[in-house]
Amino acid sequence: MKIGIKFKLIAFTASLLLTVILFLSILVLNGIKSYQNKEVEAALFKQKDMFEQYFSERSSSSNNNSTDNSIQLARGSIFNKPWLRNIPASVYNTKGELLSGFKTDGKLNENKDKESMIQYAIDGKVSYVKVNDVIYFYSPIKYKNNIVAILELEYSVKENSLFYNNIKKMFLITGCFALALGIVLGIFYFLTLTRDIYKMKNSVENIQKGNFDKIEQIDRKDELGELSKGLIFMSDTIEKNIEELKIERDTLSVAVDKLEKMDKQQKEFISNVTHEFKTPITTIKAYADLIEIYNKDLDLIEEGTSNISEECDRLTAMVDSVLNLSALEKYDFEIHKNEVNLKEILDQICSRMMGKIKKNNLTLECDIEDIITTTDEENLRHIVINLIDNAIKYNKPNGSIHISCHRNEDKIILTVEDTGIGIAEDALDKIFEPFYRVESHRSRETGGAGLGLALVKKLVEKQRGTIKVASKLKEGSKFSIEFSI
Ligand code: ADP
């Protein structure tokens, strides 16, 4: 069974109080008893000495020195002096026979050892005994060094006993009272003390459970108060450390996720590169083999060389894109920003692409604000050309392309919109991934390997911009880029 600290402290205080009270009572009562004994002894001896002196005086004034005379004197001495009668006394001869005596209380001699004690006195020794609050005292009375009689005194110690018993009773009552008061005060004091200790115990349990908001501060100016402050400090530190650990764990898990994603992307990228490169190489190899076999067939040679040249161009474009993309991925390229006139650059790009637009029976509308800003011109050209190129490739016959560029508060918004085939909703967030094509056969026909938009996104992000696409199938698509100024 577990005994609580509250009970232990109260029990300890009670036993301490009890020990002190007992010790003090025994000490005081023993002191009183020994004082009373000494006082009684002194009174008895004084009485005996006075009797002896009076007896000697009477004997020396009498000329008759016979034993009988001494006995008569002894018998008479006891009545002659009133101061000798304070204490009931009797005189015996040396044979132990009673000569005379007087009693003030009329009590019977209750001393059973009387005879042996008289005999003891006859032998010259003093003795006394206490029987029922009366001290029986026996002493030889000497005259000229001879024992001539035996004096018996009956000294009542009733008052002494009464006094002693009263003191004892008082000690008992005050002792019990002090003990009860001590226990009550102890309970009150230890209750507040243990209440604070229990509070701290709960605080420790709350720290163990991680309930840091349930820690209570104890308002004390002693060691317990300091301990409580220490506990709060400790709990705050633990809480802070746990928070920091959680943040670190989250950051680590984000980093691990990112690494895993990057690893997956890299593997996909490599497998896509291998796949995309194989197609033109296979075509080139096939035409090369055919030309070797039918080296006299001029039509085949013409068609073959034209196809080989086309596939080589496609391969070169692909190699360029892949290299650009992986370079952008790997190295933190410096951005070469210059102050440029956006309208001038966009107009220039539009006029250069006009031939291709017309060739595809498309029309171009431009709504470009005159904006001077600082940007990486090369990057910007690459982005816009790619987007216009896609707007041409994925447009419908007689469709149109709309280019706009405006300034809105602290942003420049550039859009390239077409009236083309549009993009399915589920493909919208994938078109920026490398090698992704919505309709791979159509894309391949138009010469794309699915790297253009991936490159555009990287270039936009390098300039701390964002790119978004909104599209509706068979109605057209709108690519919007935002750069903050
Ligand atoms: P690609 O070289 O194949 O054109 P992109 O990265 O430029 O590669 O585009 C990825 C895919 O997104 C394309 O294959 C095409 O299916 C789709 N796409 C891009 N631009 C448009 C557009 N303006 N309209 C419709 N589809 C588009």
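Atoms within each ligand, like the ligands themselves, are counted from 1 in listed order. All figures in this text were calculated on a predicted structure; none of them were measured in a lab. Any value given below was found using the heavy atoms of this structure, including those in side chains, with hydrogens, waters and symmetry copies removed.
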Heavy atoms of Ser161 and Asp133 approach each other most closely as OG-OD1, 3.0 Å
The atoms of ligand 1 lying under 4.0 Å from a heavy atom of Ser477, numbered in the order shown, are 24 (N), 25 (C)
Under-4.0 Å salt bridge between Glu377 and Arg381 = yes
I want to know if ligand 1 touches Ile423 in the polar sense, i.e. an N/O pair below 3.5 angstrom. no
inquiry  = Less than 4.0 angstrom from a charged side-chain N to a carboxylate O is my criterion; do Lys411 and Glu482 meet it?
reply    = yes
Within 4.0 Å of some non-hydrogen atom of Ile431, the atoms of ligand 1 are 10 (C), 12 (O)
Among Tyr394, Phe435, Phe432, closest by heavy atom to atom 15 (C) of ligand 1 is Tyr394
Within the structure, does Asp418 bring an N/O atom to less than 3.5 angstrom of an N/O atom in ligand 1? yes
Restricting to heavy atoms, the pick from Leu453, Ile421, Ile388 nearest atom 9 (O) of ligand 1 would be Leu453
| Considering distance alone, does some N or O of Ala454 sit under 3.5 Å from an N or O of ligand 1? | no
query = Any donor-acceptor pair under 3.5 Å linking the side chain of Ser306 with the backbone of Glu302?
reply = no
*asked:* Less than 3.5 Å apart, any donor N or O on the side chain of Tyr287 or Glu311 sitting next to an acceptor on the other?
replied: no
Quick look: Tyr436 vs ligand 1, heavy-atom contacts under 4.0 Å, and the answer is backbone
- prompt: Side-chain donor-acceptor pair under 3.5 Å between Asp418 and His402, yes or no?
  reply: no
Are any of the N/O atoms on Gly450, whether in the backbone or the side chain, positioned under 3.5 angstrom from an N/O atom of ligand 1?
yes
Ligand 1 to Arg437, heavy atom cutoff 4.0 Å, flagged ligand atoms 3 (O), 14 (O)
- prompt: Would Phe479 count as a contact of ligand 1 if the rule is a heavy atom under 4.0 Å away?
  reply: yes
*Asp410 and Ser484: side-chain hydrogen bond (donor to acceptor under 3.5 Å, both in side chains), yes or no, with the steps?*
CA-CA 6 Å; Asp410 57 344; Ser484 22; over 6 Å; no
Per-atom filter on ligand 1: closer than 4.0 angstrom to a heavy atom of Gly422 are 25 (C)
For this session: Look at the aromatic rings of Phe45 and Phe137 and report parallel, tilted or perpendicular, splitting at 30° and 60°.
Result: perpendicular
Any side-chain to backbone donor/acceptor pair from Tyr35 onto Asn30? Under 3.5 Å, distance only. no
In ligand 1, the atoms that come under 4.0 Å of a heavy atom of Val438 are 14 (O), 16 (O), 17 (C)
Atoms of ligand 1 under 4.0 Å from any heavy atom of Leu451, numbered from 1 in the order shown, are 6 (O), 8 (O)
Here the atoms of ligand 1 under 4.0 Å from any heavy atom belonging to Lys393 are 1 (P), 2 (O), 4 (O)
- [ ] Taking Asn206 for its side chain and Phe212 for its backbone only, find out whether a donor-acceptor pair lies under 3.5 Å.
- [x] no
